[in-house]
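Reading through the structure tokens given below for one structure.
For the numbers below, each heavy atom of this structure counts, side chains included, while hydrogens, waters and symmetry mates do not. The first residue of the sequence shown is numbered 1, and numbering continues consecutively from there.
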Amino acid sequence: MNVSVISPISSSSDAAAFGKVGVLFGGRSAEREVSIMSGTGVLAALSSRGIDAHAFDPALRSLAELADEGFDRVFIALHGRFGEDGSLQGALEQLGIPYTGSGVMTSAVGMDKIATKMIWIVRGLPTPKYAILDDDTDLARVALDLGLPLIVKPPLEGSTIGITKVGAASQMQAAYRLAATFDEVVLAEEFVSGREFTVAVLGRGKTARALPIVEIVAPQGNYDYQNKYFTDDTKYFCPADLDPATAGEMERIAVEAYRALGCEGWGRVDVLLRAADNAPFLLEVNTSPGMTSHSLVPMAARAVGIGYEALCVEILASARLKMAKGQG
């Protein structure tokens with residue numbers, strides 16, 4: 001694994017080169033609470049390095065104020081809708097303010113689990129079988145085609161919001177109705193029984209590289225919203241206990257999945273390893289991963305000597321405009 005450690009900021013002039021930085025967090029999505037935790041950590045990390053960083057909550061302030069107040073770049077620590085789905089990225093392109101993470105199209109596609117799966121399938125990457133549900137779908141037929149248990153979830157939400165593990169066909173209607181409160185269409189997905197992993201990726205294009213793999217072991221296998229962010233019951237193992245060939249293949253498909261969508265800056269690709277044959281399956285990509293005390297990208301970075309503050313600086317250094325070649 002070829003992972004380089006960013007050099008620390010060595011002087012106040014280095015920090016000053018970033019200019020006035022806005023740390024965007026909070027927002028209006030269902031993940032607002034997690035975003036506030038992420039952004040608070042990022043803000044403290046950048047400030048500790050002497051960077052002129054300021055909190056900015058788009059739910060409370062107009063984005064036009066970023067331009068009016070002379071922000072030179074922004075660190076996006078928003079999760080979910082209106083922060084991770086391309087809408088914010090488009091506004092920042094219009095304002096001419098460089099930003100961290102992926103661009104407009106990649107953010108929109110990465111937020112949509114259905115669109116993401118379609119691209120991965122075209123690229124020959126492994127992902128669980130799926131079906132798209134709406135009010136006219138024969139839910140019993142879907143349960144038969146995908147097999148039970150299966151997973152039903154809203155394709156545009158994150159942090160396991162609105163997700164149901166369906167064990168019987170009779171549960172399909174309730175699972176669909178729950179997910180449909182968040183999105184107009186719903187994703188049903190084959191349940192892959194096995195171990196759960198995530199692969200953090202930094203960089204873009206040919207320079208994108210995987211950080212050490214993290215294995216997630218949640219209570220009763222239930223890695224839900226509570227177990228992700230608010231308990232210490234979930235166990236994490238980094239680097240994951242995998243044989244070199246399996247680890248290498250998981251890193252390869254994670255980086256390929258990241259590149260296939262055009263991701264950049266940083267991201268996290270979730271992978272399941274099927275118990276029956278150790279075959280890996282891509283679940284989803286997160287283009288604005290959590291940066292909380294429980295978050296997995298900082299954990300993976302620490303495993304190769306990149307501390308939280310240095311990670312935040314490296315991500316900030318990658319901020320750029322993406323719509324016009326040579327900008328940013």
To the nearest 0.5 angstrom, please state how far the CD atom of Glu84 sits from the CG atom of Leu156. 11.0 Å
What verdict does the side-chain contact (heavy atoms from CB on, under 4.5 Å) test give for Leu283 and Leu272, after you've listed the backbone C-alpha separation in whole Å, the side-chain angles of each residue and the deciding distance to 0.1 Å? CA-CA 7 Å; Leu283 281 183; Leu272 288 173; 3.7 Å; yes
Taking the basic N atoms (NZ, or NE/NH1/NH2) and the acidic carboxylate oxygens, is any pair closer than 4.0 Å for Glu284 and Lys117? no
Show the numbers, then the answer: is there a side-chain contact (heavy atoms from CB on, under 4.5 Å) between Asp270 and Phe197? CA-CA 6 Å; Asp270 296 337; Phe197 301 87; over 6 Å; no
Salt bridge or not between Arg81 and Glu157? Use side-chain N to carboxylate O under 4.0 Å. yes
Close side-chain approach of Gln171 and Leu150, heavy atoms under 4.5 Å: no
Among side-chain atoms of Tyr176 and Asp134, is any donor-acceptor pair under 3.5 angstrom? no
When rounded to the nearest 0.5 angstrom, what distance separates CZ in Arg268 from OG1 in Thr287? 10.5 Å
What residues join Phe237 in its hydrophobic cluster, counting side-chain heavy atom gaps under 4.5 Å, either direct or through other members? Val217
Mind running side-chain contact (heavy atoms from CB on, under 4.5 Å) on Val313 and Phe18 for me, showing each step along the way? CA-CA 10 Å; Val313 172; Phe18 288 110; 4.0 Å; yes
Check the surroundings of atom CG in Asp241: do more than 12 heavy atoms from other residues, nucleotides or ligands lie under 6.0 Å from it? no
Charged N-O contact under 4.0 Å between Arg61 and Glu69: yes
Compute whether any side-chain donor of one residue and acceptor of the other, for Ser29 and His79, lie under 3.5 angstrom apart. no
If you draw a 6.0 Å radius around NZ in Lys20, do more than 12 non-hydrogen atoms from other residues or ligands fall strictly inside? yes
Given the rule in the side-chain contact (heavy atoms from CB on, under 4.5 Å) test, do Val152 and Leu187 qualify, once you have shown the distances and angles that lead to the verdict? CA-CA 6 Å; Val152 175; Leu187 172 64; over 6 Å; no
As an exercise, state the distance from CD of Glu251 to CD of Glu249, rounded to the nearest 0.5 Å. 10.5 Å
Which atom of Asp183 lies closest to which atom of Val186, heavy atoms considered: O-CG2, 4.4 Å
With the 4.5 Å side-chain cut-off for hydrophobic clustering, are Leu261 and Ile253 part of the same group? yes
Testing the basics here: between Pro212 and Ala303, what is the closest heavy-atom pair and its distance to 0.1 Å? CG-CB, 3.9 Å
Report yes or no: does Thr40 contribute a side-chain atom to a donor-acceptor pair with the main-chain N or O of Met37 at less than 3.5 Å? no
Apply salt bridge (Lys or Arg N to Asp or Glu O under 4.0 Å) to residues Glu314 and Arg209 and explain how you reach the verdict. CA-CA 14 Å; Glu314 177 171 356; Arg209 80 270 191 192; 3.1 Å; yes
Using side chain to side chain contact (heavy atoms under 4.5 Å, CB included) as the criterion, point out the one residue from Leu139, Asp138, Thr137 that pairs with Arg141. Asp138
Atom of Val142, atom of Ala188 and distance for their closest heavy-atom approach: CG1-CB, 4.0 Å
Arg274/Glu196 salt bridge by N-O under 4.0 Å criterion: no
Considering residues, nucleotides and ligands other than Glu65, do more than 12 of their heavy atoms fall under 6.0 Å from its CD? yes
Same apolar cluster: Leu24 and Val104, side chain cutoff 4.5 Å: yes
If we ignore hydrogens and angles and just use 3.5 Å, is the side chain of Ser62 paired with the main-chain N or O of Ala64 as donor and acceptor? yes
Sidechain-backbone polar pair: Ser38 side chain, Met291 backbone, donor-acceptor under 3.5 Å: yes
Within the distance-only criterion (no hydrogens, no angle test), does the side chain of Thr106 pair as donor or acceptor with the backbone N or O of Gly262 below 3.5 angstrom? yes
Does Lys206 offer a backbone N or O that forms a donor-acceptor pair with the side chain of Arg259 under 3.5 Å? yes
Can you tell me how far apart OG1 (Thr181) and CD1 (Ile161) are? Round to the nearest 0.5 Å. 10.5 Å
Using salt bridge (Lys or Arg N to Asp or Glu O under 4.0 Å), reason through Glu189 and Lys129 one step at a time and then give a plain yes or no. CA-CA 6 Å; Glu189 192 171 52; Lys129 294 185 296 182; over 6 Å; no
Ile76 backbone acceptor or donor facing Thr100 side chain under 3.5 Å: yes
Tell me whether the guanidinium CZ or amine NZ of Lys322 lies under 6.0 angstrom from the six-membered ring centre of Tyr99 and within 45° of its axis. yes
Classify the side-chain pair Thr292/Ser295 by whether it contains a donor and acceptor separated by less than 3.5 Å. yes
Please confirm whether the backbone N or O of Leu43 pairs with a side-chain atom of Ser47, one donor and one acceptor, at under 3.5 Å? yes
Leu46 and Ala53 have their tightest heavy-atom pair at CB-CB, 4.0 Å
Report the distance from atom CG of Leu311 to atom CD1 of Ile306, rounding to the nearest 0.5 Å. 6.5 Å
Where do Phe75 and Trp266 land on the ring-ring contact (aromatic ring centres under 6.0 Å, His included) test, with the steps shown first? CA-CA 12 Å; Phe75 190 117; Trp266 91 114; 5.5 Å; yes
With a 3.5 Å distance limit and no angle check, can you tell me whether Arg73 reaches the backbone of Leu316 through a side-chain donor-acceptor pair? yes
Enclosure of Arg28 CZ (heavy-atom neighbours >12, cutoff 6.0 Å): no
With hydrophobic residues grouped by side-chain heavy-atom distances under 4.5 Å, do Phe82 and Val74 end up in a single group? no
Report whether Ile114 and Ile119 are members of the same hydrophobic cluster (ILVMFWY, side-chain heavy atoms less than 4.5 Å apart, transitive linking). no
Is it the case that the side chain of Thr246 and the backbone of Leu242 share a donor-acceptor pair, with hydrogens and angles ignored and the cut-off at 3.5 Å? no
Would you say Leu321 ends up clustered with Leu78 if hydrophobic residues are merged whenever their side chains have heavy atoms under 4.5 Å apart, either directly or through other cluster members? yes
Polar side-chain atom of Tyr258 near backbone of Val285 as donor-acceptor pair, under 3.5 Å: no
Quick check: closest heavy atoms across Ile132 and Tyr130, and the distance to 0.1 Å? CG1-CE1, 4.0 Å
Between Ser102 and Glu264: side-chain donor-acceptor atoms closer than 3.5 Å: no
Closest approach of Ala169 to Leu148 (non-hydrogen atoms, all atoms of both residues): N-CD1, 3.6 Å
Reported OG-to-CD distance for the pair Ser48 and Glu309, which is rounded to 0.5 angstrom: 3.0 Å
